[in-house]
Student: 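My questions all concern the structure below.
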Amino acid sequence: MNWLGILAALAGAMAVAAGAFGAHGASERAAELLKVGAHYQLVHAIAALVALRLEAWGPGWLFVAGGALFGGSLYALALGAPRWVGPVTPIGGALLIAGWLWLAWGLRAG
């Protein structure tokens with residue numbers, strides 16, 4: 001079973017759902033959090049699928065995990081989670097950056 005591909009596809013679905021809720025059912029502040037989280041999670045779900053196609057498993061997993069932490073923490077805050085959830089967001093962002101750097105390193109030799 002291709003867990004990376006499955007999780008990337010589910011991340012894409014989650015991002016679309018979060019974006020739709022932000023556009024149609026959330027307060028102004030929550031809508032902004034949902035929009036940012038959805039954008040980053042969707043971009044990185046696609047990046048994970050590209051990494052999977054390139055057989056770059058490590059970066060793909062970082063994209064999925066980072067997107068879940070980054071987007072998920074923003075979704076949680078938008079839905080009323082306590083403020084201590086906020087510091088999870090930059091951890092997810094750091095994983096996303098690490099994924100891009102790992103992918104770049106892996107592609108350097110052609």
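We're numbering straight along the sequence, starting at 1. The basis for the numbers below is simple: all heavy atoms, side chains too, and nothing from hydrogens, waters or symmetry mates.
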Student: Mind checking whether V50 and L103 have side chains closer than 4.5 Å, heavy atoms only?
Tutor: no

Student: Return the set of residues passing side-chain hydrogen bond (donor to acceptor under 3.5 Å, both in side chains) with W100 (not counting sequence neighbours), or none when no residue passes.
Tutor: H44

Student: Less than 4.5 Å apart, any side-chain heavy atom of L95 and any of L69?
Tutor: yes

Student: If you round to the nearest 0.5 Å, how far is CG of N2 from CG of L52?
Tutor: 4.5 Å

Student: Working to the nearest 0.5 angstrom, can you tell me the gap between I97 CD1 and L62 CG?
Tutor: 11.5 Å

Student: Hey, could you give me each pair passing side chain to side chain donor-acceptor pair (under 3.5 Å) that has a residue in residues 19-39? Not counting sequence neighbours.
Tutor: none

Student: If I take atom CD1 from residue I6 and atom CG from residue L10, how far apart are they, to the nearest 0.5 angstrom?
Tutor: 7.5 Å

Student: Is the closest side-chain heavy-atom distance between F21 and L79 below 4.5 Å?
Tutor: yes

Student: Nearest 0.5 angstrom please: M14 CE to L7 CG, how far?
Tutor: 10.0 Å

Student: Working to the nearest 0.5 angstrom, can you tell me the gap between L33 CG and T89 OG1?
Tutor: 8.5 Å

Student: Spell out, yes or no, whether W105 and W61 are grouped together once hydrophobic residues are joined by side-chain heavy atoms under 4.5 Å, including indirect joins.
Tutor: no

Student: Measure the CD-CD1 distance between Q41 and I46 for me, rounded to the nearest 0.5 Å.
Tutor: 11.0 Å

Student: Identify, with sequence neighbours excluded, every residue that meets ring-ring contact (aromatic ring centres under 6.0 Å, His included) alongside Y40.
Tutor: F70

Student: Can L49 and L4 be said to form a side chain to side chain contact (heavy atoms under 4.5 Å, CB included), step by step?
Tutor: CA-CA 8 Å; L49 292 171; L4 178 57; over 6 Å; no

